[in-house]
Engineer: 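Pasting a structure here, questions to come.
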Amino acid sequence: MIEVLRHDIVIVGGGGAGLRAAIAAVEADPAVSVGLVSKVYPMRSHTVSAEGGAAAVAREDDNFEMHGYDTVKGSDFLGDQDVIQYFVQEAPKELARLEHWGCPWSRNEDGTVATRAFGGMSTKRTWYAADKVGFHMLHALFQHSMQFDQIVRYDEQFVTKLLVDDGVVRGVASLDIREGVVRVILGRAVILATGGAGKIFPFTTNGTIKTGDGMSLAYRAGVPLKDMEFVQYHPTGLPGTGILITEATRGEGGHLKNSKGERFLVDYDYGVGNKAELGPRDMISRAIVQEVEAGRGIQGTYGEYVHLDLTHLGADKINQRLPMVRELAKIYIGVDPVTDPIPVRPVVHYMMGGVDTNIEAETALPGLYAAGECASASLNGANRLGSNSLTECLVFGASAGRNAVAFAKGSSEGNQAALTGQGEEEAARVDALRGRQKGGEKLSHIRQALNATMETGCGVYREQASMDDTVRTVAALKGRYADIGLQDSSKVFNTELIAAMELGAMLDVAEAVAVSAAGRNESRGAHTRKDSTARDDVNYLHHTLCHFDPAGPRLGKKDVTLGKWEPVERKY
Ligand SMILES: Cc1cc2nc3c(=O)[nH]c(=O)nc-3n(C[C@H](O)[C@H](O)[C@H](O)COP(=O)(O)OP(=O)(O)OC[C@H]3O[C@@H](n4cnc5c(N)ncnc54)[C@H](O)[C@@H]3O)c2cc1C
């Protein structure tokens, strides 16, 4: 018999969104019990690696109207304006709350919270703790969560399936990575907080664990994925590893330079006016690609790159504001930014799309909520502004926690025998996959082919023919995946088994990205087509929904919630 564990709320993910949801749930009702499942120890979640900061109105020269409009414009008018207004109002409360829980925000001389400039933000509104913001935020959340006995952690446990009975989600099946057994963890509401999926691309700032598992779990349970075509390239990753050099480098005054040593963004017509290095990410990434295509890139082992020059900032400022950047550049590329420019190239950073949720963090499947990068609440639309994401994890993590508690109160436990039966079937599936030698396909070959086709078909610039080709290639890779062979049949820390299940999720997510992209015949935000360069509000001012279907993904649409900000040409 499979072991069955019970909680009121099950949360999948121990990053910023998952921990915030757990705390919100027990604060909403101290009597609830929360099961917090994470495939890694929570402090290893990707949130820990965030460097630059979290956005919220803090200064006297700033207000909700400005943060709201910057976000709407950054989204290329595809963000939902009700969601954005809610977000900007909650943001300062969440960041102040985090300080009370121990997050050491950097300070101005007069003791007020220090804020730095970030791309596409019209004033300095990015709160920071030097350049280790994610570490400090996650640490504060993790430590705070430990005071609640009601939050029971299941670390190093991998959720493989959502258990749905009578049209309501009522728990998960989860593989204990340490012991190799699958258990059923029941809850009267489930929150997905599983983060992004950058690993479907070859060059990414994302950690190895970012494989889109939660997106695939929801998708296969019938919840559509929304706006998956919008993939954010960060303009400044290290060539080769993809390690991020934070946007805070530009916020603090760094310059991008081409092979001629020219600060090319200054008088470059890429639509950002006089913002130069403080333009939004999609536009700067495109400008770098154009510089390289015009022959002004610098040749390196991993393709051409440009320079990020911080030398004029001086050692004191770099040591005080950007110590981690100095450390990363020295260790991973052998460059000391105090004396030399850092080689950088655009790298995949963030998924604007994700599990379709509304302003309440609810999905279309009753009882299922989602928050953080795995969700698409339509805050970010076609392009996210840097530093909105960490705050998003807090704002929508908190509302997911509260709303899941309210739902759980009115929900029954469902048919226990049916749920246990689903868990047993899932355990049998996982057991059959482990050490399954009969297949002829290697995981690494499929993963490499997937990465390559995603870069050619769904990169910074796209075209119909190459996107269609990627759609076909991913479908073929799914076919090959059905015939994988695995060598390791051991139960304890079977990383090959985990990699196989992660690759399954990556294929689902990649297919949704490619199919959604191929269906949007316009250029908007991060989705930029060479063969259809204009934004087309008449035909495409809508969200894309991608539904799972055993025969292949099915596309649908969802209205954008407009409001006081009318769509206009996006110029800076
Ligand atoms: C290098 C880097 C720097 C960044 N810097 C910034 C910044 O300065 N400002 C900003 O706003 N944003 C930044 N971002 C984006 C931001 O950090 C992320 O979007 C955000 O932290 C995501 O948080 P999350 O809680 O949604 O997911 P994550 O922190 O990725 O956590 C996901 C959790 O889900 C769990 N999980 C996943 N799959 C499973 C499964 N199958 N079973 C069980 N558990 C599972 C994982 O164990 C993990 O605990 C940065 C991103 C990167 C990669």
Side-chain angles (χ1 to χ4, degrees), residues 10-21 36-56 91 116 118 126-129 131-135 137-138 141-142 153-162 172-177 185 191-199 204-217 232 234 236-238 242-248 251 281 324 328 347-352 354-355 370-375 379-380 384-394 396-397 400 498 501-502 504-505:
V10 176
I11 299 176
V12 189
L19 286 171
R20 182 67 189 93
L36 183 79
V37 194
S38 175
K39 68 178 175 179
V40 295
Y41 190 73
M43 278 304 295
R44 296 184 173 204
S45 304
H46 189 74
T47 299
V48 81
S49 61
E51 299 169 23
R116 58 168 49 125
F118 246 65
T126 299
W127 304 33
Y128 59 94
D131 60 358
K132 296 192 171 91
V133 180
F135 169 80
M137 288 180 68
L138 195 62
L141 287 164
F142 186 50
R153 290 212 328 270
Y154 298 94
D155 296 342
E156 299 184 324
Q157 315 227 2
F158 188 100
V159 171
T160 64
K161 192 177 194 310
L162 296 177
V172 301
S174 178
L175 169 72
D176 185 326
I177 302 174
I185 308 180
I191 301 172
L192 293 173
T194 49
K199 278 298 182 188
T204 174
T205 63
N206 284 195
T208 317
I209 58 173
K210 297 197 72 171
T211 48
D213 308 358
M215 296 179 190
S216 165
L217 290 171
Q232 178 161 80
H234 194 295
T236 60
L238 295 181
I243 287 173
L244 176 74
I245 299 299
T246 171
E247 185 164 327
R281 291 177 176 175
M324 189 152 91
L328 291 174
V347 286
V348 166
H349 186 54
Y350 182 87
M351 308 292 291
M352 266 70 76
V355 180
E373 193 172 339
C374 76
L379 170 70
N380 304 304
R384 171 181 73 104
L385 292 186
S387 73
N388 266 354
S389 168
L390 288 171
T391 316
E392 176 182 6
C393 288
L394 300 176
F396 292 98
I498 298 297
M501 293 193 291
E502 289 177 334

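Computed from a predicted model, the values in this text were never measured in an experiment. Read the numbers this way: they start at 1 and go in the same order the structure lists the ligands and their atoms.
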Engineer: In chain order, what residues pass the ring-ring contact (aromatic ring centres under 6.0 Å, His included) check against Tyr154, with sequence neighbours excluded?
Structural biologist: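 For Tyr154, the residues satisfying ring-ring contact (aromatic ring centres under 6.0 Å, His included) (neighbours in sequence not counted) are His7.
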Engineer: Using the rule side-chain contact (heavy atoms from CB on, under 4.5 Å), only one of Leu175, Val37, Leu36 pairs with Gln157; which is it?
Structural biologist: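 Going through the options one by one, the only one that passes is Val37.
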Engineer: Do the charged groups of Glu392 and Arg384 touch, with an N to O distance under 4.0 Å?
Structural biologist: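 Looking at Glu392 and Arg384, the cut-off is not met.
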Engineer: So, Tyr128 versus Phe118, ring centres under 6.0 angstrom or not?
Structural biologist: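 For Tyr128 and Phe118, the ring centres are not under 6.0 Å apart.
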Engineer: Could you give me the CA-CA distance, side-chain angles and deciding distance for Lys210 and Met351, then say whether side-chain contact (heavy atoms from CB on, under 4.5 Å) is met?
Structural biologist: CA-CA 11 Å; Lys210 297 197 72 171; Met351 308 292 291; over 6 Å; no
Engineer: Filter the ligand 1-protein atom pairs down to N or O on both sides and distance under 3.5 Å, then list them.
Structural biologist:
{"unit_1": "ligand 1", "atom_1": "8 (O)", "unit_2": "Gly52", "atom_2": "N", "d": "2.9"}
{"unit_1": "ligand 1", "atom_1": "8 (O)", "unit_2": "Gly53", "atom_2": "N", "d": "3.0"}
{"unit_1": "ligand 1", "atom_1": "9 (N)", "unit_2": "Gly53", "atom_2": "O", "d": "2.8"}
{"unit_1": "ligand 1", "atom_1": "11 (O)", "unit_2": "Ser389", "atom_2": "N", "d": "3.1"}
{"unit_1": "ligand 1", "atom_1": "11 (O)", "unit_2": "Leu390", "atom_2": "N", "d": "2.8"}
{"unit_1": "ligand 1", "atom_1": "12 (N)", "unit_2": "Arg384", "atom_2": "NH1", "d": "3.4"}
{"unit_1": "ligand 1", "atom_1": "19 (O)", "unit_2": "Glu373", "atom_2": "OE1", "d": "2.6"}
{"unit_1": "ligand 1", "atom_1": "19 (O)", "unit_2": "Ser389", "atom_2": "OG", "d": "2.8"}
{"unit_1": "ligand 1", "atom_1": "21 (O)", "unit_2": "Thr47", "atom_2": "OG1", "d": "2.8"}
{"unit_1": "ligand 1", "atom_1": "23 (O)", "unit_2": "Thr47", "atom_2": "OG1", "d": "3.0"}
{"unit_1": "ligand 1", "atom_1": "25 (O)", "unit_2": "Gly16", "atom_2": "N", "d": "3.1"}
{"unit_1": "ligand 1", "atom_1": "25 (O)", "unit_2": "Ala17", "atom_2": "N", "d": "2.9"}
{"unit_1": "ligand 1", "atom_1": "26 (O)", "unit_2": "Glu373", "atom_2": "N", "d": "2.9"}
{"unit_1": "ligand 1", "atom_1": "29 (O)", "unit_2": "His46", "atom_2": "N", "d": "3.4"}
{"unit_1": "ligand 1", "atom_1": "29 (O)", "unit_2": "Thr47", "atom_2": "N", "d": "2.9"}
{"unit_1": "ligand 1", "atom_1": "29 (O)", "unit_2": "Thr47", "atom_2": "OG1", "d": "2.5"}
{"unit_1": "ligand 1", "atom_1": "34 (O)", "unit_2": "Ala193", "atom_2": "O", "d": "3.4"}
{"unit_1": "ligand 1", "atom_1": "38 (N)", "unit_2": "Asp213", "atom_2": "OD2", "d": "3.2"}
{"unit_1": "ligand 1", "atom_1": "41 (N)", "unit_2": "Val159", "atom_2": "O", "d": "3.3"}
{"unit_1": "ligand 1", "atom_1": "41 (N)", "unit_2": "Asp213", "atom_2": "OD2", "d": "2.9"}
{"unit_1": "ligand 1", "atom_1": "42 (N)", "unit_2": "Val159", "atom_2": "N", "d": "2.9"}
{"unit_1": "ligand 1", "atom_1": "44 (N)", "unit_2": "Lys39", "atom_2": "N", "d": "2.9"}
{"unit_1": "ligand 1", "atom_1": "47 (O)", "unit_2": "Ser38", "atom_2": "OG", "d": "2.7"}
{"unit_1": "ligand 1", "atom_1": "47 (O)", "unit_2": "Lys39", "atom_2": "N", "d": "3.1"}
{"unit_1": "ligand 1", "atom_1": "47 (O)", "unit_2": "Val40", "atom_2": "N", "d": "3.3"}
{"unit_1": "ligand 1", "atom_1": "49 (O)", "unit_2": "Gly14", "atom_2": "N", "d": "2.8"}
{"unit_1": "ligand 1", "atom_1": "49 (O)", "unit_2": "Gly15", "atom_2": "N", "d": "3.4"}
{"unit_1": "ligand 1", "atom_1": "49 (O)", "unit_2": "Ser38", "atom_2": "OG", "d": "3.0"}
{"unit_1": "ligand 1", "atom_1": "49 (O)", "unit_2": "Ser45", "atom_2": "OG", "d": "2.7"}

Engineer: Heavy-atom distance under 4.5 Å between the side chains of Arg20 and Leu141, does that happen here?
Structural biologist: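 Arg20 vs Leu141: side chains touch.
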